[in-house]
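Okay, structure first, notes after.
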Amino acid sequence: MSTGVVDAELIGELTGIVGAAHVLHDPEMTAGYSIDWTRRFAGATPLVIRPGDTAETAAVMSSLAAARVPVVPQGGNTGLVGGSVPLAGEAVLSMRRLDGCEPVDELASQVTLGAGVTLADAQAHVAASGLSVGVDLAARDSATMGGMVATNAGGINVLRYGAMRAQVVGIEAVLADGTVVSHLAGLEKDNTGYDLGGLLAGSEGTLGIITRVRLRLHPTQPERATALLAFETAADAVSAAAALRRSVAALHALEAVFEGAMALVSRHLGVTPPVGSLGKKSGAAPSDDAATGGAWLIAEAAARTDPSDELGAAVEELADLVVDAAVALDPAARQRLWAFRENVTEAISAAGIPHKLDVTLPAARLAEFVDGVPDVVRAADPDAQPLLFGHLGDGNVHVNVLGPDGAEPSDAVDSAVLRYVAELGGSISAEHGIGTAKLSQLHLNRTEAELAAFGAIKRALDPAGLLNPNVLLP
Ligand SMILES: Cc1cc2nc3c(=O)[nH]c(=O)nc-3n(C[C@H](O)[C@H](O)[C@H](O)COP(=O)(O)OP(=O)(O)OC[C@H]3O[C@@H](n4cnc5c(N)ncnc54)[C@H](O)[C@@H]3O)c2cc1C
């Protein structure tokens with residue numbers, strides 16, 4: 001079906017729904033909605049619409065559907081796979097104004113939040129009830145509930161609470177034709193048919209516009225202990241990670257930064273890590289070369305009572321693997337250790353425009369992958385620099401690749417790395433989604449039959465193909 005155009009009549013209709021202040025068509029006003037966080041994906045849009053609630057979202061979608069205008073839903077625009085920006089002149093539906101937080105349901109340990117609520121605001125909203133959101137990630141000040149469900153965001157606590165899909169106990173969404181589907185009772189047991197929340201989680205804006213989400217919350221674990229551990233090899237770090245998962249019941253996060261990425265983030269922060277890899281011990285600057293093998297783990301335990309003895313005992317048992325360790329208990333000291341992990345993405349972005357390959361490996365192939373991937377990258381593009389970090393507790397490695405002087409590397413890098421992942425039995429997208437960036441590689445993980453089923457679901461819910469047409473589905 002051919003798509004329609006944005007004309008004065010449509011703009012007038014939309015202005016009648018959301019008000020003139022929330023229909024933007026001046027290129028200066030729309031520019032920020034048209035480029036993604038990485039600066040790798042940029043387009044242009046004739047129109048940004050900012051509805052204020054579900055009813056306005058439904059009326060807007062009904063008008064856009066009648067005019068056959070394709071639309072990209074956008075939350076905090078922190079997505080890393082080019083899925084949140086208009087690449088072929090689509091309208092943008094910014095969901096940030098749906099930022100209402102309903103009272104916490106303390107009896108059920110649940111809360112209903114607008115799609116535009118940021119993760120940081122959600123965390124602050126539920127904290128007074130002694131409860132926490134199960135997903136946490138470094139983009140918390142901007143990433144929104146709608147975007148986090150739409151990408152099935154992961155982050156640093158997946159090993160304890162699961163990814164975003166596991167938090168969703170209710171959903172409200174607007175379908176492509178403006179129909180509202182709402183199922184927000186949040187009953188823990190509710191086998192009354194298809195799980196629309198589960199289906200929309202990870203749908204990347206292709207099946208519906210999420211307007212409200214009801215989340216399962218978790219008891220806050222206020223007492224924390226954090227260890228930064230250095231290893232000579234990736235294999236040692238992987239073995240230690242497995243041992244910590246087995247022995248620390250209060251394990252809350254288990255993150256990795258590999259040599260190369262550690263050198264970059266240390267320079268970005270202007271601080272040398274307190275523990276050194278490669279047997280050089282404290283004070284030694286990390287190497288720029290990912291292939292030299294050093295690795296760091298950040299292990300955090302969190303509980304109702306002080307977990308430092310449990311974590312300390314587990315670290316002592318790793319004496320054969322760990323070359324250097326630092327443990328922190330108070331918030332400021334813990335934050336200084338976390339800075340080496342939480343600032344890696346920003347440090348890379350400050351250095352240039354990377355290709356971001358976010359992958360999961362089976363535990364048994366993880367060390368082999370970390371050791372092997374620098375050669376795979378350099379075989380595809382000899383000038384490219386691989387930078388590795390990630391959520392090691394989940395087998396999730398972020399392979400970021402920069403070209404010379406911060407330029408983008410060759411596209412050949414992406415296909416070479418993702419083919420290598422698939423050969424080792426891994427997933428080409430651990431938590432960021434497929435977006436535009438990995439669209440052409442989805443066949444590496446999904447069979448023709450699965451892709452046909454995806455297409456059938458898409459056509460059933462969005463027959464005209466108006467919802468985020470550039471992402472996920474080949
Ligand atoms: C510094 C940094 C660290 C990060 N760390 C992590 C991490 O640890 N783990 C992780 O998983 N991700 C991480 N990300 C990626 C990003 O934060 C997540 O993908 C997040 O879930 C995106 O939320 P958003 O609101 O910014 O969505 P956007 O970027 O605006 O959109 C992402 C996708 O969701 C769709 N979408 C947005 N809102 C809606 C809606 N209301 N209804 C339907 N579809 C919608 C968009 O169309 C797009 O396809 C990080 C990003 C940055 C910049």
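As the structure lists them, so they are numbered: ligands from 1, and atoms in each ligand from 1. Counting begins at 1 with the first residue of the sequence.
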- F340/H268 aromatic ring centres below 6.0 Å: no
In short, salt bridge (charged side-chain N to carboxylate O under 4.0 Å, His left out) pairs touching residues 133-156 with sequence neighbours left out are D136-R140, R140-E342
Please check if the number of heavy atoms outside D405 that lie under 6.0 Å from its CG is greater than 12.
no
query = Is the closest side-chain heavy-atom distance between V413 and H355 below 4.5 Å?
reply = no
The answer, listing residues by chain and number that come under 4.0 Å of ligand 1 through any heavy atom, is W37, P73, Q74, G75, G76, N77, T78, G79, L80, G83, S84, M95, A115, L137, A138, A139, A143, T144, G146, G147, M148, A150, T151, A153, G154, G155, E204, G205, G208, I209, I210, T345, H391, E431, H432, N468
Taken in chain and number order and not counting sequence neighbours, the residues that satisfy salt bridge (Lys or Arg N to Asp or Glu O under 4.0 Å) with D121 are none
Taking only distance into account, with no hydrogens and no angle test, what donor-acceptor pairs under 3.5 Å do side-chain atoms of residues 464-473 form with protein atoms, sequence neighbours excluded?
residue: N468; atom: ND2; partner: G83; partner atom: O; Å: 3.0
residue: N468; atom: ND2; partner: E204; partner atom: O; Å: 3.0
residue: N470; atom: ND2; partner: E90; partner atom: OE2; Å: 2.6

